[in-house]
Amino acid sequence: MNKLIFARYGKQTPKMQYDFNQIEAKWQKYWAEHQTFKATSPDPSQGGDPLKPKFYVLDMFPYPSGAGLHVGHPLGYIASDIYARYKRHQGYNVMHPQGYDSFGLPAEQYAIQTGQHPAITTETNIKRYREQLDKIGFSFDWSREVRTSDPRYYKWTQWIFIQLFNSWYNKDTDRAEDIETLVQVFEKAGNSDINAACDDDTPSFSASEWQQFSTKQQQELLLKYRLTYLAESEVNWCPALGTVLANDEIVNGVSERGGHPVVQKKMTQWSMRISAYAQRLLDGLETIDWPQPLKDSQTNWIGRSEGASVTFKILPPTPSFGGGRGEDKPNEQPTQGIEVFTTRPDTIFGVSFMTLAPEHELVPLLTTPEQKKAVDGYIESTAKRSERERMADVKTISGVFTGAYAEHPFTKEPIPIWIGDYVLAGYGTGAVMSVPCGDQRDYDFAKHFDIPIPNIFDGVDISEEAFSDKEKTVIANSDFLDGLPYKKAVKRAIFELEKMGQGEGKINYRLRDAVFSRQRYWGEPFPVYYDAEGMPQMLDEECLPLELPEVDKYLPTETGEPPLGNATHWAWDLKQSAVVSNQLIDHQTVFPLELNTMPGWAGSSQYFNRYMDPQNDEAIFSKEAIAYWQDVDLYIGGSEHATGHLLYSRFWQKFMFDKGWAPKDEFAKKLINQGMITGTSAFVYVLELKIRYERDSKHILENRRLVTSESSYESWRKDGKVDKLCSEAVNAILKKVKDGGGKNIQEPEALISPNRVHIKFVDSSNILNRKDFLDDISSSGLEFLSEEPYVVSREVEKMSKSKYNVVNPDEICEQYGADSLRLYEMFLGPLEQSKPWNTSGITGVHGFLKKLWKLYHSGPNGEFKVTNSASSEGGQGEDPSAESLKTLHKTIKKVAEDIENFSFNTSVSTFMICVNELTAQKCRSRAILEPLAILVSPYAPHIAEELWEKLGHTESISTAPFPIFDATYLVESSKEYPISFNGKMRFKLKLPADMGKEDIEATVLAHEKTQEQLQGRTPKRIIVVPGKIVNIVG
RNA sequence: GCCUUGGUGGCGGAAUUGGUAGACGCGCUGGAUUCAAAAUCCAGUUCUUUCGGGAGUGUGGGUUCGAUUCCCACCCAAGGUACCA
């Protein structure tokens, strides 16, 4: 017996098997120890070669969440890693860094709940992330790691903030300039000649006025020009999170994180003047190779529209300006007109009323005493409705007449001024000229309130709906615009308006300035203190970083200040250049520091440049480093960052370019959005029963939870009744109750609902492991209705811990190896597509790796064996067969093309075909197997390194030159032609490859199968495409 | 509504300029090996069929000798966006 066991054991000596666990651990250790993937600095003094071509491959760095990685996370990293490794084989100096976007809300909320400092949570999570990432065998250059929450890193985030504060945007030169240049102009000539991106309410002043302003007044004016500025503005306030949110952090009117309601609130906040860059952000899209959907969503977000601004004079009898708010501020000039923005100045003669947003500042001034009550009531009722309600309910038409009239710029007719909540305060000027015949919303409003709808279109019926087809527009009833098509009419209308000084051509953008303050703890502190006048002042650059203070509570203070308000040492001593106790604040030399922190996107907006020189404490990066690395060659990440990170980063990059620090004004040449890997959640259906009865004169409520079938659920959902299976079970339970002495048994309440089951309890054929499932705490109290194997229902949805459908990469690595995981993630489908994860499929790629291993292990006991060629390599062996060479070279060609096209799924299948063919050919030749190892290496680097070493190499395979494709091996002497009849392939015929058209035709026609197909008919036509196909028509 | 992407076997997917539809893998079926299982290997696997063939890439048209691929209309799904004037 013992003998037998030993004999069998000996037959498959473990050493000869593909022992992926041992191999992968060995090479991961080797890479770490040898710093194999360290990108070399261009500096020759550090052994670098500034002439070696660079290639910068970047992943979107992760937020280290407590849940760890699931198999969906590494997808993009694997793709970028393959590309990075491929570029190393091509001889590039590749930089492939990784880091952590480690400021953020989850760590802070955990801190609020547990009191644990977010830095500790973050550190723990990062450690776990790193362990998980290391197991997958990425070629990251960890010596360049950055963490956004590290003071040595956020020093430079604060630095950029200061630079933005000290800059303004000159529209004439179309770039950011130093704020000092602006001050110089103000001193000499005031601001009338300045063409700058600035606040709308910036007043004009002369040089002498400027000089007479107080310092505070000057500072206030400069804030209107700075690229980051403090201003009171309407912000999205999320009471549940206790913080403001940017537009891109709100989804469907609720917060992206947590789904809490958001309301509008006026607050003084830091903002970024991204709107100054709107046009350049739009133009830059043309120059970069990014996915079209992503470019489109940025284009929509920026929302450029061309049109005109038109001023409508307000007609007397002027409403009692003394009566409204004007009384409080007698110096304020009442506005004499209402400015609107329109994309259709050609329809100006169709204006029959005007509509203002309820929040429009002129509303209280315009409203006549008779209408005041109605208007106030309307404003109050719209203010009550949340953003979400207003969005959900776009069909209800509401509005109210203000009693006031404006004057039409051309006809001089009076135009009634209405307010309506379909006009948004936040877009354009918050007022529109309503052209009911040309705009459906205006049309509906006019119909609803019985306002006239004049038709100004030639030959168009507007009795049913508005006409908005610009292309088919011919203007009528419009004085000088009569007979003009859309484009000409627009030009003419603008020309006439400009002549009268009542309008001009204008381009409007939807893009708003980005609110940059957050009322949170775990973020970058602003390098800002407030002086005796309450004006913000920047810390000296030398004083950075301004480190986050310790607080004993991470919640807002009792007075409603942000969490930093809890810090006892959060004052700036100007003399010492140090943070000191709040008690020392005297507003002379010690000042309060800013209590807000920066938003999540602050740290991610320049990290890609910081990777170029991450240890530099003197500058964000050295000139040499950025001169060499320039920009990102390939950036891979999720499309959900389209209107957040990717837009803000482009904005900061353009600023860095304007200031001369960055050589490129776009930071990433090519970008790919990897798709999501979805999970397949599992469900059981649970019948919840509530049975009430009496026993021993006590009222008893018995709850039972029974696992029933999907069909029970379906029938319950259809008619609200339980099906036979359930009712039998219910009756059995009731009988038991009765037998046990239950009295007054009431009709039980029943509810069937789907319940998620953790996928670890389900096997590949969807059968539930009942024992393990019932042993789990989450399923306590559950009973099964039937003894038969339970088949769960499946649904594909986002992979998430809360959906119990997470697959952990560590477990896959443990069971199949990192190389299998890498190959399988790529094999699943096209990179950019979202696709469901199904672990059972991994046996396919795992089997491939075993077959690959076997190709190199053909000794009598499965030990390593490859043969050298006869013609080279010492002449001891035999040359590879022509067949094997053909297999190799077609693989080289396909794999190289696939990597260039990011078609990684097809190259995995190419490898499979190649190994299947070489196995069939019994190929053992070094001349084939050595290049094959290099081909496989970007995808399955561990096994490739192991085989490379066994082939006798002492250096890592990672820089071995990529095999060169030689077309001569693919030349064929014959071609198997598909012979089709009327486009349908019927049979194949092998013909010499160099056979001419006529000969092919003759041979095919003479063939017996052709005659069979034709059944005596004469073909009408014969198409011969040499090398491709023969098609016989007839 | 608008914009974008996509729709191919039981499943993931392939077909790069119009030229053999379903590569490769999973799953499934049968077989070999094994006391047995795992592993491995071999064969088959779009549907349909009277075994000749016929149909077939979301639907309906069109262009073409030939269409998954190009054009038109529509349907469905996913993502983005939305009283944006």
Side-chain angles (χ1 to χ4, degrees), chain A residues 8 12 17 251-252 291-301 303-305 307 340-344 347 355 357 390-391 393-397 420-424 426-435 438-442 444-445 508-510 639-640 642-643 673 675-676 680 764-765 823-824 827-830 832-848 850-851 854 894 897-898 901 903 905-913 916 976-988 1012 1019-1025 1027-1034:
Chain A
R8 199 175 299 141
Q12 8 174 293
Q17 297 265 307
V251 178
N252 295 328
Q292 197 54 45
L294 194 149
K295 286 188 182 183
D296 287 337
S297 84
Q298 288 206 349
T299 305
N300 287 336
W301 192 261
R304 177 191 155 109
S305 48
V340 302
F341 174 75
T342 178
T343 55
R344 297 294 304 272
T347 64
T355 317
R390 260 168 88 163
M391 274 187 349
D393 178 30
V394 294
K395 280 188 188 122
T396 317
I397 294 158
D421 69 356
Y422 80 95
V423 178
L424 305 177
Y427 183 76
T429 61
V432 299
M433 58 174 227
S434 303
V435 183
D439 183 285
Q440 194 58 42
R441 293 155 304 172
D442 295 344
D444 294 339
F445 195 88
N508 206 35
Y509 297 93
R510 199 186 78 108
S639 58
E640 67 273 19
T643 52
N673 291 130
M676 199 175 31
T680 35
S764 58
S765 37
L823 281 171
Y824 189 50
F827 187 61
L828 277 178
E832 307 202 24
Q833 198 173 299
S834 96
K835 52 243 161 188
W837 178 268
N838 178 9
T839 302
S840 65
I842 202 171
T843 54
V845 292
H846 188 65
F848 155 73
K850 285 190 197 165
K851 278 188 210 163
K854 273 194 183 165
K894 177 84 172 119
E897 283 169 359
D898 283 347
N901 294 325
S903 176
N905 54 326
T906 50
S907 34
V908 178
S909 71
T910 304
F911 287 136
M912 290 173 170
I913 294 166
N916 288 345
E976 196 170 43
Y977 279 93
I979 312 299
S980 51
F981 291 79
N982 297 319
K984 286 266 170 200
M985 199 278 289
R986 294 303 170 196
F987 67 93
K988 289 175 194 172
E1012 208 175 281
K1020 281 189 200 134
R1021 210 174 146 184
I1022 297 159
I1023 315 282
V1024 178
V1025 185
K1028 288 239 159 134
I1029 201 168
V1030 178
N1031 191 19
I1032 298 164
V1033 188

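In the text below, chain A, chain B and the rest are named by the order of the sequence lines, each starting its count at 1.
For Ser980(A), the side chain to side chain donor-acceptor pair (under 3.5 Å) criterion is met by Asn1031(A), not counting sequence neighbours. For Phe911(A), the ring pair (Phe, Tyr, Trp, His ring centres under 6.0 Å) test picks out Tyr939(A), with sequence neighbours left out. Residues satisfying the side chain to side chain donor-acceptor pair (under 3.5 Å) test with Asn905(A), not counting sequence neighbours, are none.
In this structure, Phe848(A) atom CZ and G25(B) atom P are separated by 10 Å, rounded to whole Å. Spacing between atom NZ of Lys295(A) and atom P of U5(B) amounts to 12 Å, rounded to whole angstrom units. If you take CG of Leu294(A) and C1' of G79(B), they are 12 Å apart, rounded to a whole angstrom. C84(B) atom P lies 8 Å from atom CG of Leu424(A), rounded to whole Å. Straight-line distance from the CD1 atom of Ile842(A) to the P atom of G12(B): 18 Å, rounded to whole Å. Computed from coordinates, the Ile913(A) CD1 to C24(B) P distance equals 6 Å when rounded to whole Å. Here the P atom of nucleotide U20(B) and the CD1 atom of Ile979(A) are 13 Å apart, to the nearest Å. Atoms CD (Gln440(A)) and P (A85(B)) sit 15 Å apart, rounded to a whole Å.
Residue Thr910(A) holds its OG1 atom at 5.0 Å from CG of Asp898(A), rounded to the nearest 0.5 Å. Between the NZ atom of Lys835(A) and the CE atom of Met676(A) there is a distance of 11.0 Å, given to the nearest 0.5 Å. Note that the OG1 atom of Thr429(A) and the CE atom of Met433(A) stand 11.5 Å from one another [nearest 0.5 Å]. A distance of 11.0 Å separates CG in Leu828(A) from CG in Leu823(A), rounded to the nearest 0.5 Å.
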Interface polar pairs with nucleotides 61-63 of chain B, N/O, under 3.5 angstrom:
none

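Spacing between A38(B) and A32(B) at atom C1', rounded to whole Å, works out to 16 Å. Here, U4(B) and C65(B) have their P atoms 33 Å apart, quoted to the whole Å. Nucleotides C76(B) and A43(B) have their P atoms positioned 45 Å apart, rounded to a whole Å. Between the C1' atoms of C24(B) and A14(B), the separation comes to 7 Å (whole Å). Spacing of C1' atoms, C3(B) relative to C47(B), comes out at 38 Å, to the nearest Å. Across C83(B) and A15(B), the matching P atoms stand 40 Å from one another, rounded to whole Å. With both ends at atom P, the span from C71(B) to G7(B) equals 15 Å, rounded to whole Å. Taking the C1' atoms as reference points, G6(B) lies 16 Å from U59(B), given to the whole Å.
Asp442(A) comes within contact range of no nucleotide atom at all, as no heavy-atom separation falls under 4.0 Å. Residue Lys988(A) is in base contact, counting any heavy-atom pair closer than 4.0 Å across all strands shown. Thr843(A) comes within 4.0 angstrom of sugar-phosphate atoms only, judged by non-hydrogen atoms across all strands, and of no base.
The base-pairing partner of C26(B), taking Watson-Crick or G-U wobble contacts with both distances under 3.5 Å, is G10(B). Summarising the base pairing, C35(B) is matched to no nucleotide, lacking a Watson-Crick or G-U wobble pair whose two defining distances lie under 3.5 Å. The partner of G18(B), taking Watson-Crick or G-U wobble pairs whose two distances both stay under 3.5 Å, does not exist in any strand shown. Nucleotide G1(B) forms a pair with U81(B), judged by Watson-Crick or G-U wobble geometry with both contacts under 3.5 Å. Across all strands shown, G66(B) forms no Watson-Crick or G-U wobble pair with both key distances under 3.5 Å. Under the Watson-Crick or G-U wobble criterion, with both distances below 3.5 Å, A73(B) is paired with U59(B).
Distance from the side chain of Met912(A) is smallest to G25(B) among A23(B), G25(B), C26(B). Each of U4(B), C24(B), C84(B) was ranked by its minimum atom distance to the side chain of Pro293(A); first place goes to U4(B).
Using a 4.5 Å heavy-atom cutoff, the side chains of Tyr824(A) and Phe848(A) are not in contact. Looking at Val845(A) and Met912(A), their side chains come closer than 4.5 Å, going by heavy atoms from C-beta outward. Using a 4.5 Å heavy-atom cutoff, the side chains of Met985(A) and Ile1029(A) are not in contact. Between Ile397(A) and Tyr422(A) the shortest side-chain heavy-atom distance does not fall below 4.5 Å. Between Val1024(A) and Tyr977(A), the closest side-chain pair of non-hydrogen atoms is not below 4.5 Å.
Residues Asn982(A) and Asp296(A) both approach RNA chain B. Their nearest nucleotides, taken by heavy-atom distance, put Asp296(A) toward the 5′ side. For Phe341(A) and Val1033(A), each mapped to the nucleotide of RNA chain B holding its nearest heavy atom, the one lying further toward the 5' end belongs to Val1033(A).
Shortest non-hydrogen contact noted between Gly420(A) and Phe445(A) is CA-CE1, 4.4 Å. Residues Ser305(A) and Phe341(A) share a closest heavy-atom pair of O-CZ, 3.5 Å. Closest approach of Ala642(A) and Leu294(A) over heavy atoms only: CB-CG, 4.0 Å.
OP1 or OP2 of G66(B) has not a single side-chain nitrogen or oxygen of Arg1021(A) nearer than 4.0 Å. Distances shown here put every side-chain N or O of Asn838(A) at or beyond 4.0 Å from the OP1 or OP2 atom of G25(B).
G9(B) adopts a syn glycosidic conformation, its chi angle falling within 90° of 0. For G62(B), the base adopts the anti conformation, since its glycosidic angle falls more than 90 degrees from zero.
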| request: At under 4.0 Å between heavy atoms, which parts of nucleotides 44-60 of chain B does protein reach? Answer with one letter per nucleotide, 5' to 3': B base, S sugar-phosphate only, - none. | output: ----------S-B----
| request: Scan nucleotides 13-19 of chain B nucleotide by nucleotide, 5' to 3', and note B when protein non-hydrogen atoms come under 4.0 Å of the base, S if they reach only the sugar-phosphate, - if neither. | output: SS-B--B
